[in-house]
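In what follows, a structure is listed as structure tokens, so that the remarks can point back to it.
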Amino acid sequence: MSDSGNAENINYTVFTVCNLAYLPKALVLAESLAAFNHPKLKIFLFDKKVEGELPHELAEFEWVEDLGLTNFNQYAFKYDITELSTSLKPWLTLRLLESTKKVIFLDPDTCLFSSLDPILGLLEEKEIILTPHYVTPHTDGDIGMMRFGSFNLGFFAVNSSLESLRFLKWWNERCLDLCYFETQFGLSTDQKWVSIAPCFFPTLHISFDLGYNVAFWNAHERIISVNPNGGYLVNNKYPLIFFHFSSFDEKNPNLLSKRAFADRESGRTDYTELANSYNNSLQRLKIKISKTKYGFDFMSNGDYISPTLRRAYASVLSDLPLGHDPFDSNGIVADFAKKNYLVSDKSGYQPSGFGDVESNKRKFYLVNKLMKMALYALGPNRFMNFSRLLVYLSSFRLNRDMWKL
């Protein structure tokens with residue numbers, strides 16, 4: 001009998017992490033779990049507590065600030081929402097394993113299309129289960145995997161063995177200290193750490209089942225078709241267990257993702273039915289509380305906390321008094337921000353990406369002109385060293401001497 005078939009035999013937990021803005025996606029995941037008779041999804045809300053209705057009939061909810069993590073506010077300040085929520089995944093898993101035998105993590109933007117029973121069965125013999133981003137080399141030279149890590153940690157599964165606990169404690173230590181998204185320094189939140197985990201944990205199991213963790217980044221190797229026996233198949237062989245709708249494009253669901261991937265513009269009609277079904281569920285499950293701004297983006301007086309302030313704070317954190325509250329607008333961190341001209345307006349921050357290149361062509365032209373002038377003034381060898389220095393300076397947390405305390 002499967003674990004999900006009898007409530008008395010349930011000895012596993014499925015959990016996810018998200019802020020309030022991502023809550024509708026987590027609720028789609030919760031509904032898909034219920035459709036296959038799994039227990040309620042446990043959702044850890046990475047946001048400041050606010051008043052509002054939560055659909056307790058769909059999932060179990062816990063606010064992260066209620067969990068008793070020592071110095072939680074300091075983690076919430078030095079990390080942005082992506083870094084913070086990923087940094088605590090191993091810590092939460094260790095906590096859950098105190099009361100259950102198996103834990104499965106799924107990102108909030110995943111959705112089940114078949115039961116998790118195969119994974120639960122595999123956990124009877126495998127201690128740690130991971131999935132690679134993809135298993136067929138990419139035509140781009142696999143640079144993306146080199147930057148972001150071999151395994152997609154939008155999914156992992158562990159049992160309560162001693163080796164699993166050893167793995168989680170190791171991963172937890174790294175994530176609490178260095179869960180930054182700084183790919184120029186080999187860091188990509190929680191994921192890049194696990195790229196080296198097989199070196200230390202020989203029983204770690206890498207699953208090559210293509211029905212797990214299907215997403216835009218492995219679209220080049222996975223074709224979806226309808227299974228005559230119900231559900232969907234991947235490459236006419238593997239039952240589709242869950243799909244990872246990362247960077248999902250709600251305005252253009254037929255394009256699946258806002259990010260580029262194989263045949264995106266020409267259309268992947270095999271993904272159309274899945275994407276439209278997911279979008280319909282997502283729109284239906286949007287609730288009022290999910291429109292709340294991310295609470296840990298603001299000081300106690302409402303001042304916005306910029307990414308630059310977060311990194312500068314990380315640089316001086318070891319010099320600050322124990323037990324300080326970085327969010328206190330009358331406290332030591334607010335004074336630090338003023339001294340270093342890091343106080344921001346309340347407009348928020350939008351990171352620039354490849355999509356912004358076209359609208360910034362003139363700025364690129366001017367930057368290139370300045371770089372050519374620097375090349376002429378410094379000579380090729382010094383210019384190369386200067387360029388490397390700029391990469392180092394791109395992380396404000398590594399430049400302690402830059403900040404006055």
Side-chain angles (χ1 to χ4, degrees), residues 17 19 44-50 63-92 94-95 169-190 192-193 293-349 351 389-405:
V17 295
N19 64 341
F44 291 98
L45 292 170
F46 277 68
D47 225 317
K48 283 196 172 181
K49 291 178 70 174
V50 294
W63 295 91
V64 66
E65 59 181 330
D66 286 342
L67 298 179
L69 176 63
T70 303
N71 297 322
F72 168 73
N73 276 348
Q74 295 174 21
Y75 294 114
F77 200 96
K78 78 170 185 173
Y79 289 142
D80 65 23
I81 175 55
T82 302
E83 294 166 340
L84 179 65
S85 58
T86 54
S87 72
L88 298 191
K89 282 157 55 176
W91 185 81
L92 291 169
L94 285 165
R95 183 185 177 97
K169 289 174 182 176
W170 167 83
W171 188 25
N172 179 51
E173 289 176 1
R174 273 71 184 161
C175 285
L176 289 180
D177 289 341
L178 291 166
C179 199
Y180 300 104
F181 185 71
E182 294 181 352
T183 56
Q184 71 272 38
F185 297 106
L187 299 176
S188 182
T189 61
D190 62 321
K192 199 67 178 288
W193 290 112
K293 289 184 177 180
Y294 178 55
F296 297 117
D297 260 350
F298 302 93
M299 302 289 285
S300 60
N301 66 350
D303 282 346
Y304 175 69
I305 301 166
S306 70
T308 310
L309 176 53
R310 291 190 191 277
R311 288 297 191 263
Y313 171 75
S315 178
V316 302
L317 180 55
S318 61
D319 298 324
L320 296 175
L322 295 175
H324 69 276
D325 179 6
F327 292 95
D328 182 1
S329 56
N330 295 311
I332 190 171
V333 176
D335 289 340
F336 166 76
K338 291 173 185 175
K339 284 181 186 177
N340 292 279
Y341 311 104
L342 295 169
V343 177
S344 177
D345 60 25
K346 301 176 183 178
S347 62
Y349 166 77
L389 176 63
L390 290 178
V391 174
Y392 178 79
L393 293 176
S394 69
S395 177
F396 301 132
R397 69 179 180 86
L398 296 177
N399 291 277
R400 172 63 184 87
D401 293 339
M402 185 173 176
W403 312 112
K404 295 184 294 184
L405 189 58

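Just so it is clear, the model here is predicted, and its values are computed rather than measured.
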#### Entry: Chi angles and distances behind the side chain to side chain contact (heavy atoms under 4.5 Å, CB included) call for R174, L187
CA-CA 11 Å; R174 273 71 184 161; L187 299 176; over 6 Å; no
Could you tell me the separation between the [atom1] atom of [X] and the [atom2] atom of [Y], rounded to the nearest 0.5 Å?
X: N19; Y: K293; atom1: CG; atom2: NZ; value: 13.5 Å
X: D335; Y: N330; atom1: CG; atom2: CG; value: 8.5 Å
X: L342; Y: I305; atom1: CG; atom2: CD1; value: 11.5 Å
X: S87; Y: N172; atom1: OG; atom2: CG; value: 8.5 Å
X: W403; Y: R397; atom1: CH2; atom2: CZ; value: 13.0 Å
X: D190; Y: T82; atom1: CG; atom2: OG1; value: 10.5 Å

### Message
Quick one about S188 and T183 (side-chain donor to acceptor, distance below 3.5 Å, no hydrogens or angles considered), yes or no?
### Response
no
#### Entry: side chain to side chain contact (heavy atoms under 4.5 Å, CB included) assessment of V17 paired with L92
CA-CA 10 Å; V17 295; L92 291 169; 3.7 Å; yes
### Task
With Y180 as reference, evaluate W193, F185, Y79 under the ring-ring contact (aromatic ring centres under 6.0 Å, His included) test and give the passing residue.
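Option passing the ring-ring contact (aromatic ring centres under 6.0 Å, His included) with Y180: Y79.
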### Query
Is any side-chain heavy atom of D328 less than 4.5 Å from a side-chain heavy atom of V333?
no
Return all side-chain donor-acceptor pairs below 3.5 angstrom for residues 66-78, not counting sequence neighbours, or 'none' if the list is empty.
from : atom 1 : to   : atom 2 : distance (Å)
D66  : OD2    : K49  : NZ     : 3.0
K78  : NZ     : L176 : O      : 3.1
K78  : NZ     : D177 : O      : 3.2

Minimum heavy-atom distance between [X] and [Y], given as atom pair plus value:
X: C179; Y: C175; value: CB-O, 3.1 Å
X: N399; Y: S395; value: ND2-O, 2.9 Å
X: K339; Y: L405; value: NZ-C, 3.5 Å

### Message
For E83, give me all partners under salt bridge (Lys or Arg N to Asp or Glu O under 4.0 Å), at least two apart in sequence or on another chain.
### Response
R311
### Task
Please identify each residue that fulfils salt bridge (Lys or Arg N to Asp or Glu O under 4.0 Å) with D47, with sequence neighbours left out.
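Applying salt bridge (Lys or Arg N to Asp or Glu O under 4.0 Å) to D47 gives none.
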### Task
Fit a plane to each ring of F327 and F296, take the angle between them on a 0 to 90° scale, and name the class: parallel (under 30°), tilted (30 to 60°) or perpendicular (over 60°).
tilted
Any side-chain to backbone donor/acceptor pair from [X] onto [Y]? Under 3.5 Å, distance only.
X: Y294; Y: D80; value: no
X: S300; Y: S329; value: yes
X: W171; Y: K89; value: no

### Message
Set out, in order, the CA-CA distance, both residues' side-chain angles and the distance that settles side chain to side chain contact (heavy atoms under 4.5 Å, CB included) for M402 and S315, then state yes or no.
### Response
CA-CA 9 Å; M402 185 173 176; S315 178; over 6 Å; no
#### Entry: Trace of the side chain to side chain contact (heavy atoms under 4.5 Å, CB included) decision for V64 with F44
CA-CA 6 Å; V64 66; F44 291 98; 5.5 Å; no
### Query
Quick one: is the NZ or CZ of K48 closer than 6.0 Å to the six-membered ring centre of F298, and within 45° of its axis?
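K48 over F298 ring: no.
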